[in-house]
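In what follows, a structure is listed as structure tokens, so that the remarks can point back to it.
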There are 2 protein chains.
Amino acid sequence: MEFPTAAPPTLLGVTSYLLSLNGKAARERVTTRLAGRGLRLWHMAVLAALVDFGPHAQRDLSVRLSVDPSDMAKVIDQLTTAGHVARARDGADRRRVLVTVTGSGRDLLARLVDEATAVDEIVLADLTAAERGQLHALLLRVFTAARAPGVASRS
Amino acid sequence: MEFPTAAPPTLLGVTSYLLSLNGKAARERVTTRLAGRGLRLWHMAVLAALVDFGPHAQRDLSVRLSVDPSDMAKVIDQLTTAGHVARARDGADRRRVLVTVTGSGRDLLARLVDEATAVDEIVLADLTAAERGQLHALLLRVFTAARAPGVASRS
DNA sequence: TCCAATCGTAGGTTGTCACCCACTATAGGT
DNA sequence: ACCTATAGTGGGTGACAACCTACGATTGGA
């Protein structure tokens with residue numbers, strides 16, 4: 001007989017802790033899937049940003065996704081050699097490099113979103129469709145609230 | 001004017017991704033607080049397990065919390081020198097070390113839970129009490145579902 | 001009595017992540 | 001023409017978490 005593996009109720013009473021646990025588990029599931037294609041979360045994030053908002057200068061991409069510019073350069077590098085994005089010097093400002101999604105990149109993103117959705121199916125297996133919607137909406141509000149500089153954001 | 005920092009809707013449509021983002025943020029907030037006391041999440045987890053379930057052998061603790069036994073030894077070490085738990089050889093099986101919470105440990109846990117609750121206040125600031133309850137309940141179900149070996153668990 | 005298995009422990013390895021610095025190329029004002 | 005600021009890039013660093021190994025002490029059964 002194995003020793004009981006039940007988690008301490010005291011911890012499970014803290015929403016932040018629960019959020020942290022579930023986040024870690026979900027992150028692992030998604031990254032494992034992406035690793036099968038030799039990709040990381042940032043690759044998916046960059047593709048999504050480009051598809052959703054159009055071409056970006058590298059700097060703007062790193063600002064939008066809150067990544068260090070030097071790290072962004074490496075991610076773009078890999079996506080470029082794989083043919084999923086294309087680099088092009090900005091004619092107006094030759095310091096800048098405009099990054100654009102290729103058709104291959106769009107296809108890849110679609111497939112990655114499919115995989116992520118499949119992960120959702122597993123993670124949220126016990127919830128009804130309505131509950132999944134509730135959870136998603138609540139998480140979205142928590143997320144956007146964290147991004148807002150607070151009610152007193154002016155300047 | 002800064003470049004817009006809005007996240008890609010494509011990503012925000014994936015619940016697992018949202019879970020991962022919020023989990024990371026929550027984890028950072030909690031760990032930062034604990035770091036102020038020179039503690040880590042595992043310290044809190046161990047204290048909670050001991051308070052909730054009573055004394056454990058070290059191995060049982062590591063099983064319950066899914067930590068490597070050698071890592072658990074280090075955590076217990078720190079908690080012991082800080083006086084929050086006490087080690088004692090198991091008389092019946094002298095290989096085993098029984099770990100018990102001290103009064104100091106109970107007090108500490110109470111304070112740590114207070115801190116974690118304070119983090120909840122910040123993270124969930126935009127939600128009503130009812131919504132926080134909903135979110136917590138949904139997260140709990142997702143978590144416990146992930147732990148269960150699935151419906152087809154027999155063996 | 002002996003032997004395989006188990007417990008705690010010390011130490012090291014690996015991989016990841018975020019961050020930081022230095023350098024070149026370019027821009028844009030004065 | 002000069003000088004400061006910015007864009008991209010390569011390389012490195014420190015923190016950290018998960019894991020693995022080897023070892024002495026102890027157990028329990030053959």
Side-chain angles (χ1 to χ4, degrees), chain A residues 1-3 17 20-21 23-25 27-32 34-36 38-46 55-81 85-100, chain B residues 1-3 20-21 23-25 27-36 38-46 55-81 85-100:
Chain A
M1 171 194 153
E2 306 292 328
F3 192 81
Y17 193 84
S20 160
L21 286 182
K24 188 178 173 187
R27 186 181 202 84
E28 277 174 6
R29 285 180 193 272
V30 176
T31 53
T32 300
L34 296 190
L39 297 175
R40 303 187 182 194
L41 276 176
W42 287 126
H43 295 124
M44 181 162 83
V46 166
H56 285 63
Q58 257 178 241
R59 174 142 305 252
D60 296 339
L61 261 181
S62 67
V63 168
R64 181 184 295 284
L65 298 177
S66 304
V67 195
D68 187 275
S70 88
D71 293 328
M72 179 58 73
K74 293 152 194 163
V75 172
I76 302 287
D77 234 25
Q78 295 157 347
L79 286 174
T80 303
T81 58
V85 303
R87 276 198 245 242
R89 281 282 161 195
D90 182 347
D93 184 342
R94 298 186 43 74
R95 287 170 305 180
R96 293 178 157 248
V97 172
L98 288 185
V99 184
T100 317
Chain B
M1 170 194 152
E2 307 292 326
F3 191 82
S20 160
L21 286 181
K24 188 178 172 186
R27 185 179 202 85
E28 278 174 4
R29 285 180 192 271
V30 176
T31 53
T32 301
R33 289 254 185 161
L34 296 191
L39 297 175
R40 304 188 182 192
L41 276 177
W42 287 127
H43 295 123
M44 181 162 83
V46 167
H56 285 63
Q58 256 178 242
R59 173 143 305 252
D60 296 339
L61 261 182
S62 66
V63 168
R64 180 185 295 286
L65 299 177
S66 303
V67 194
D68 188 275
S70 86
D71 293 327
M72 179 57 75
K74 293 153 194 161
V75 171
I76 301 288
D77 234 24
Q78 295 156 348
L79 286 174
T80 303
T81 59
V85 304
R87 276 197 245 242
R89 281 281 161 195
D90 183 346
D93 184 343
R94 297 186 46 73
R95 288 171 302 180
R96 294 178 154 247
V97 172
L98 287 185
V99 185
T100 317

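Numbered from 1 within each chain, the chains take letters A, B, ... in sequence-line order.
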Q. Is any side-chain N of the basic residue among K74(A) and D71(A) closer than 4.0 Å to the acidic one's carboxylate O?
A. yes
Q) Separation of Q78(B) atom CD from dT9(C) atom C1', in whole Å? A) 14 Å
Q.
Counting the atoms with a prime plus P, OP1 and OP2 as sugar-phosphate, which does R89(B) contact under 4.0 Å by heavy atoms, base, sugar-phosphate, or nothing?
A. nothing
**Q.** Distance, nearest 0.5 Å, that separates CZ of R87(B) from CD1 of I76(B)
**A.** 6.5 Å
Q: In whole angstrom, give the distance that lies between atom CZ of R59(B) and atom C1' of dA5(C).
A: 11 Å
Q. What do the steps show when you test V75(A) against R40(A) for side-chain contact (heavy atoms from CB on, under 4.5 Å), and what is the final call?
A. CA-CA 9 Å; V75(A) 172; R40(A) 303 187 182 194; over 6 Å; no
Q: Would you mind reporting whether L65(A) and M72(A) have side-chain heavy atoms less than 4.5 Å apart?
A: yes
(Q) Rounding to an integer number of Å, can you tell me how far L65(A) CG sits from dC17(C) C1'? (A) 16 Å
Would you list the protein and nucleotides 27-30 of chain C atom pairs, both N or O, that sit under 3.5 Å from each other?
{"unit_1": "dA27(C)", "atom_1": "OP1", "unit_2": "R94(A)", "atom_2": "N", "d": "2.9"}
{"unit_1": "dA27(C)", "atom_1": "O4'", "unit_2": "R95(A)", "atom_2": "NE", "d": "3.4"}

**Q.** Gap between atoms CG and C1', on D77(A) and dG8(D) respectively (whole Å)
**A.** 10 Å
Q | Base versus backbone protein contacts along nucleotides 13-24 of chain D [heavy-atom cut-off under 4.0 Å; B, S, -] | A | ----SSBB----
Q: Write down the distance between NE2 (H56(B)) and C1' (dG8(C)), rounded to a whole number of angstrom.
A: 17 Å
(Q) Any heavy-atom pair between the side chains of H56(A) and V46(A) that's under 4.5 Å? (A) no
